[in-house]
Amino acid sequence: MSIVATIMNTVTGRPIQKMTFGRMPKPWVSFNLETGELVTAERIDVGKPAPGKFVAPVDIWVTLKPKD
């Protein structure tokens with residue numbers, strides 16, 4: 001079963017994109033966003049499933065590099 005996670009920006013607190021992982025990612029995982037930028041997870045939050053649901057929401061918090 002794959003994990004669908006929301007990638008969140010630590011600076012703005014807004015979602016960047018959704019991403020699918022084959023298994024639960026580790027807190028130090030590095031991956032490329034759709035834009036091609038390499039980021040490292042700083043924090044992973046696992047929420048409570050909605051009533052009657054099995055899937056729990058997963059948020060992965062990353063910091064984007066400032067654009068030059």
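- Note that the NZ atom of Lys18 and the CD1 atom of Ile7 stand 9.5 Å from one another [nearest 0.5 Å].
- For Glu37 (side chain) and Leu64 (main-chain N/O), no donor-acceptor pair under 3.5 Å exists by modelled atom type.
- Under the rule for a salt bridge (Lys or Arg N to Asp or Glu O under 4.0 Å), the partners of Asp45 that lie at least two apart in sequence or sit in another chain are Arg43.
- The structure places CE of Met19 at 6.0 Å from CG of Leu33, a figure rounded to the nearest 0.5 Å.
- Under the 4.5 Å side-chain heavy-atom criterion for ILVMFWY residues, no single connected hydrophobic cluster contains both Val4 and Phe21.
- Side-chain atoms of Pro25 and Ile44, non-hydrogen and from C-beta on, do get closer than 4.5 Å to each other.
- A distance of 5.0 Å separates CZ in Phe31 from CD1 in Ile60, rounded to the nearest 0.5 Å.
- Counted by atom type alone, Thr40 and Ser30 present one or more donor-acceptor pairs between their side chains at under 3.5 Å.
- Note: Lys65 NZ to Leu38 CG = 6.0 Å, rounded to the nearest 0.5 Å.
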I would like to know whether Arg23 and Ile3 meet side chain to side chain contact (heavy atoms under 4.5 Å, CB included); could you show each step before the answer?
-> CA-CA 6 Å; Arg23 53 187 232 141; Ile3 303 293; 5.6 Å; no

After noting the C-alpha distance and the side-chain angles of Met8 and Val62, does the key distance pass the side chain to side chain contact (heavy atoms under 4.5 Å, CB included) rule?
-> CA-CA 6 Å; Met8 303 288 288; Val62 299; over 6 Å; no

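- In this structure, Gln17 contributes its side chain and Glu34 its backbone to a donor-acceptor pair below 3.5 Å.
- Remark: Lys26 pairs with no residue by the side-chain hydrogen bond (donor to acceptor under 3.5 Å, both in side chains) rule, at least two apart or across chains.
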